[in-house]
There are 2 protein chains.
Amino acid sequence: MVTLKELAKLLNVSVSTVSKALSDSSEIGEATKKRVTELANELNYKPNRIAQQLKSSETKVIGVVVPSLMNPFFAEVVHGIETTLGNNNYDMTICISNESLEKEQRSFYLLSSGSVDGFIVAVARETQIKYDIKHFETISKNAPIVMFDRVLNDIDCNKVVVDDFNTVFEATRYLIQKENRKHILLISNIEELSVGKHRVNGYKKAVEEHNLKTNIIKLDREESPDELIKNYLQAHQEIDAIISIDHITGIMALNSVKALSKNVPEDISIIGFGYVDSEYVSSPKLSVINQKGFQIGQLASQILVDTLASAEKVNFKTEMIKSELELNETTKKA
Amino acid sequence: MVTLKELAKLLNVSVSTVSKALSDSSEIGEATKKRVTELANELNYKPNRIAQQLKSSETKVIGVVVPSLMNPFFAEVVHGIETTLGNNNYDMTICISNESLEKEQRSFYLLSSGSVDGFIVAVARETQIKYDIKHFETISKNAPIVMFDRVLNDIDCNKVVVDDFNTVFEATRYLIQKENRKHILLISNIEELSVGKHRVNGYKKAVEEHNLKTNIIKLDREESPDELIKNYLQAHQEIDAIISIDHITGIMALNSVKALSKNVPEDISIIGFGYVDSEYVSSPKLSVINQKGFQIGQLASQILVDTLASAEKVNFKTEMIKSELELNETTKKA
DNA sequence: TTGTAAGCGTTATCAG
DNA sequence: CTGATAACGCTTACAA
């Protein structure tokens, strides 16, 4: 790595002259500027970012802490984050909490010692359950945090959330009112998360508002979830619609229904949660709730970048990104 | 952010005393050590990592540059990378090239100015096609690079590759020899990538070795790929097996076949490329080639960490991770 | 046992 | 127009 000092020696000028010349300062004469920049290019000089960071006490790096990258929703959000940060000359360092509280804490403490200017987080499942949130309290005093999707009400920071309750409420109501469905099954495998609870409650409200019965299956992947769904459907022939509240069980439900030789959407309508590939891997194409992960990521990082740019402390806001019901082929035509 | 200097002032000792005390140096007396650590804890002192990095000219950060995170294969690899790096006290900053040469170059130059100790890359599609690889040549002189999956033969560095040719060759041969298939269709949507070419060639070799005819569909997502597959199958009723060489078209093929009321695997066997969710979103469960993304990520980062740890320059190696044929329900029982 | 000072690579202030 | 110097926060010879 070639440094200012080496350039200075080779050119027989001082370090500060080189520095100024390279930043095109008006203090430096055109002739020297040219000499300097030419040698710098030749030797492929790049200012050492670590040194700049130390000097400016700004890293231009954002710490992103997510539970997983193999969940397509988070992958999508991270993609949105990357795009916006890139446009604002920020890099990101990603830590994966793996839904573990301890891993999340470690990541935070590691990054909080000057490595990043701010954080974007979706809190780990274990953190939500145990509700051990000291690390957020500590950090939020020093560096701005933006939380998305899985947020903590008791932490004072900017938040970007999905209107989980209303989204599922409306999807359920759609099935009842527009498709005249009366026996709607909800399939859930994220019951313990706050977002999961909101979604279930949205479903319940819509169903109860129409004086219908709730039908809920809670899955977890250990068992054989497709069998469970199939058995349930066989035992409950009255089911005429399914709502799945995560990105995978909707497709599983669709496959189960097909296996029972029921017609979709004639006999049973299905609405799942969408992700980038869901329409490619389902047939007929799954009707989905699109959570707009990309936009969520963009908004979260824009808020963070803006916060870092403005000196005055503005009050914390919670922005809501409205999910969109995308009617494809597993619901009847509108 | 509390610094050594502040601690020193508060304790009426010198900065170096504080520094040594905190690193439990034998030079410092127990009494002062105690005073120092207590105040440090109280004030939540964390050494500024940027300063440490400048001092040691080591960042303990690895730059990871991948084409996409929404491709589950890369998400899996990144997960493997994160795990291994975490175990070795490294962080990672991720850049997404989005398959763009220019974005890839920018990422490299940005990170190469001291921000990271080394790189892990899968090269962008555009880079492979245009074969503009100057940025790799430049960087590889200063920082170690490990390439995975999409590698560049002309760059001298460590590599972790998948045996694409043999994997598909063997899968095809399996269909021919064990399942007695004679009309095998290959579906591809990554023809232009080197890995895609290898896979196609593996297929061709197996087919031709048995004096069978090759049948290939090239897809791209703009058109309506499922229709294309369906039409092809309808026009070619003799097809009795399908190999798909990416993570998504295998499931598409399965759905198309079912739509034509053919039985899987009785009438048609299908083998796709697997990813974490493929068995959950297919029914019957797709038989897949498992590329072992997680292991690839682990190995790539282990190699990089080892390289950084050892002073002597060892020769560059190319390691091969053997993919595994996982026979599920879309092939006949072995 | 503790303190002083130099240095990592930059930038910025101030003199020359 | 150019150069010396200090500072960012830390580590580490070397002195005391």
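So that the names make sense, note that chain A is the first sequence line, chain B the second, and so on, each numbered from 1.
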*So does Lys55(A) reach the base of dT10(C) with its side chain, donor to acceptor, closer than 3.5 Å?*
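No such pair is found, so the answer is no.
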Atom [atom1] of [X] and atom [atom2] of [N]: how far apart are they, to the nearest Å?
X: Leu11(A); N: dG3(D); atom1: CG; atom2: C1'; value: 15 Å
X: Glu58(A); N: dG9(C); atom1: CD; atom2: C1'; value: 18 Å
X: Asn12(B); N: dT2(C); atom1: CG; atom2: P; value: 13 Å
X: Lys60(A); N: dT10(C); atom1: NZ; atom2: C1'; value: 17 Å
X: Gln53(B); N: dT10(C); atom1: CD; atom2: P; value: 15 Å
X: Ile28(A); N: dA12(C); atom1: CD1; atom2: C1'; value: 13 Å
X: Leu54(A); N: dG9(D); atom1: CG; atom2: C1'; value: 6 Å

_Please confirm whether the ring centroid of Tyr275(B) lies under 6.0 Å from the ring centroid of Phe73(B)._
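Centroid distance Tyr275(B)-Phe73(B): not below 6.0 Å, so no.
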For a quick test of reading the model: is some side-chain N or O of [X] closer than 4.0 Å to OP1 or OP2 of [N]?
X: Ser19(A); N: dT11(C); result: yes
X: Tyr45(A); N: dT10(C); result: yes
X: Gln52(B); N: dT11(D); result: yes
X: Ser14(A); N: dT2(D); result: no
X: Thr32(A); N: dT2(D); result: yes
X: Lys46(A); N: dG9(C); result: no
X: Lys5(A); N: dC8(C); result: yes
X: Thr17(B); N: dG3(C); result: yes

*Under 4.0 Å between a Lys/Arg side-chain N and an Asp/Glu carboxylate O for Arg150(A) and Glu99(A)?*
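Answer for the salt bridge query: yes.
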_Between the side chains of Lys103(B) and Glu82(A), is the shortest nitrogen-to-carboxylate-oxygen separation below 4.0 Å, so that they form an ion pair?_
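Yes, charged N to carboxylate O under 4.0 Å.
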Check every atom of [options] against the side chain of [X] and return the nucleotide holding the closest atom.
X: Ser16(B); options: dG3(C), dG9(C), dC10(D); answer: dG3(C)
X: Glu27(A); options: dT11(D), dT12(D), dC14(C); answer: dC14(C)
X: Lys20(A); options: dT10(C), dG9(D), dA4(D); answer: dA4(D)
X: Val13(A); options: dT10(C), dG3(D), dT11(D); answer: dG3(D)
X: Leu4(B); options: dC10(D), dT11(C), dA5(C); answer: dC10(D)

*In terms of the nearest nucleotide of DNA chain C, which residue is placed more toward the 5' end: Lys33(B) or Ser56(B)?*
Lys33(B)
*Are side-chain N/O atoms of Gln302(B) and Asp306(B) paired as donor and acceptor at under 3.5 Å?*
yes
*Quick one: do Asp117(A) and Lys60(A) satisfy salt bridge (Lys or Arg N to Asp or Glu O under 4.0 Å)? Show the steps, please.*
CA-CA 6 Å; Asp117(A) 293 342; Lys60(A) 287 286 180 184; over 6 Å; no
*Kindly give the heavy-atom pair with the smallest separation between Leu69(B) and Ala75(B), and that separation in Å.*
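Residues Leu69(B) and Ala75(B), closest heavy atoms: O-CB, 3.7 Å.
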